[in-house]
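Worksheet: one structure, shown below.
In what follows, chains carry the letters A, B, and so on, assigned in the order in which the sequence lines appear, proteins first and then strands, with residues in each chain numbered from 1.
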There are 2 protein chains.
Amino acid sequence: MATTTRGRIDKRQAILEGAFTVFAREGYAQACVQEIAREAGVAKPTVYNHMTDKATLFRNAMEAAARAILDQRIAALEPLATPGDDLHATLEEVAHTLLRLHTDGRSCALRRLLYSEITHFPDILDIVKESGPDRLTRALADRLARLALAGRLRATDPDLTAEQFLALLLGPLEARTQLGTRSLEDAELRTMARDAVETFVRAWAA
Amino acid sequence: MATTTRGRIDKRQAILEGAFTVFAREGYAQACVQEIAREAGVAKPTVYNHMTDKATLFRNAMEAAARAILDQRIAALEPLATPGDDLHATLEEVAHTLLRLHTDGRSCALRRLLYSEITHFPDILDIVKESGPDRLTRALADRLARLALAGRLRATDPDLTAEQFLALLLGPLEARTQLGTRSLEDAELRTMARDAVETFVRAWAA
DNA sequence: TCTCATTTGAACTCATGGGTTCAACATAAT
DNA sequence: ATTATGTTGAACCCATGAGTTCAAATGAGA
């Protein structure tokens, strides 16, 4: 519900956040604008003051959520810039952080919404992917290329290596989290990170 | 549209297939029963003769589609029962078949529908998973255990090994197929199978 | 040929929800 | 104080679609 603050603070922001929340809970078609307005603590016409359509409301909400979520992931790769002498441990740390971010509620909701509405909003994929998994893979590939150059990893295609690292790490998540509906204990995340990194290192360490 | 065959042949089957087709194309909420009836070549009241609800229609259609799709995958593991002397080649063959099945239109549609409606139909996950990825992973783990016992693979947890094999193989698909909306050339599937198996073997061969 | 179960099309009811209108109101700047 | 801009709630229009009803038509089996 939220308090019915009159006047103008940051309605637009509130609308986008409320919209994402409701869309995430209900799906695009089932979400009704009335409820989004309520969630954002705003009147329905106000929503239409800022967004022309339910569709563009959806697009904007998705874009905002994606941007917020995905910046964190790039930041999670930071430790790989200065890996110290224990590469294995650094990889595990990064892996664990990525798993934690990837299993976050909003993150899962974003993936679910992408999957469900990609046929009706194919353009959203471009908006999200550009700032999303692609950027993450590329950033990781950059780090790995450095490591390969330093003789600490097998020197082959860093893009492939990055792709496989992420696959090994995030692939098992889908089944474990029931497509993102179940949350995992931190201990389980640790184990998954350890398993993925161990296999990765066995295949790719120089 | 289909010809308006009167009398009763296999209305029920037609309805389930038509329903899955339309649900796959439109999503649950946007699909309308009228159109499903048309797709199945059947009148709307006939649909309600067989199914009480749009919801149960959805459940039944998903279950039927899942069963049909997933049996093929188990069958794809067959070559691993008699791997011959070239394990690497056999793995590549199996990997390639799995990729082909996984990128099939109906298969992608099933995944999309699962993702999108899992919050409204949590029970469908059980129906599908039981006969789905879980069974595949278990079946693969069985094969791998045999291979480990025969001294051809590193002898550790076969469940983990199977999970990682599938992750390495199928993980990169998501990005490459644009969440299942783009179809891939067979050559690209071959390359992906080769890359996944090569890394897998490097990490797990005895 | 007669009967029973099923199908069919069309029309109907009813609820939901997108999008708009409008008059009253609040806020900020001048 | 006044004006311009934005917000509010409530009511409204209208399209869509789930689910039902019914009389007419059909097919399978006896």
Rounded to whole Å, how long is the line connecting atom [atom1] of [X] with atom [atom2] of [N]?
X	N	atom1	atom2	value
A:Gln34	D:dG9	CD	C1'	10 Å
A:Asp53	C:dG18	CG	C1'	9 Å
A:Phe23	C:dG17	CZ	P	13 Å
B:Arg38	C:dT8	CZ	C1'	16 Å
A:Tyr28	C:dG17	OH	P	13 Å
A:Tyr48	D:dT7	OH	P	16 Å
A:Glu26	C:dT16	CD	P	14 Å
B:Gln30	C:dT16	CD	P	18 Å

Touch class at under 4.0 angstrom, heavy-atom based, for A:Ala55 against every strand present: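 No contact.
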
Sugar-phosphate, base or nothing in reach of B:Asn49, heavy atoms under 4.0 Å: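 The residue B:Asn49 makes base contact.
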
Between B:His50 and B:Asn60: side-chain donor-acceptor atoms closer than 3.5 Å: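 No, no side-chain donor-acceptor pair sits under 3.5 Å.
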
A:Arg73 versus A:His102, side-chain donor and acceptor atoms under 3.5 Å: yes

Given [options], identify the nucleotide with an atom nearest to the side chain of [X].
X	options	answer
B:Cys32	D:dA18, C:dG18, D:dG9	D:dA18
B:Lys11	C:dT7, D:dT20, C:dG17	C:dT7
A:Pro45	C:dA10, D:dG19, C:dT21	C:dT21

Nearest heavy-atom neighbours spanning B:Arg25 and B:Glu39: NH2-OE1, 3.1 Å

Phosphate OP1/OP2 of C:dG17 contacted by A:Lys54 side-chain N/O (<4.0 Å): no

Distance test, side-chain N/O of A:His50 to OP1/OP2 of D:dG6, below 4.0 Å: no

Backbone N/O of B:Tyr28 and side chain of B:Lys54: donor-acceptor pair under 3.5 Å: yes

Side chain to side chain, A:Leu87 and A:Leu91, heavy atoms closer than 4.5 Å: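 Heavy-atom side-chain distance check passes, below 4.5 Å.
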
Residue whose nearest DNA chain D nucleotide is more 5′ - A:Thr46 or B:Lys44: A:Thr46

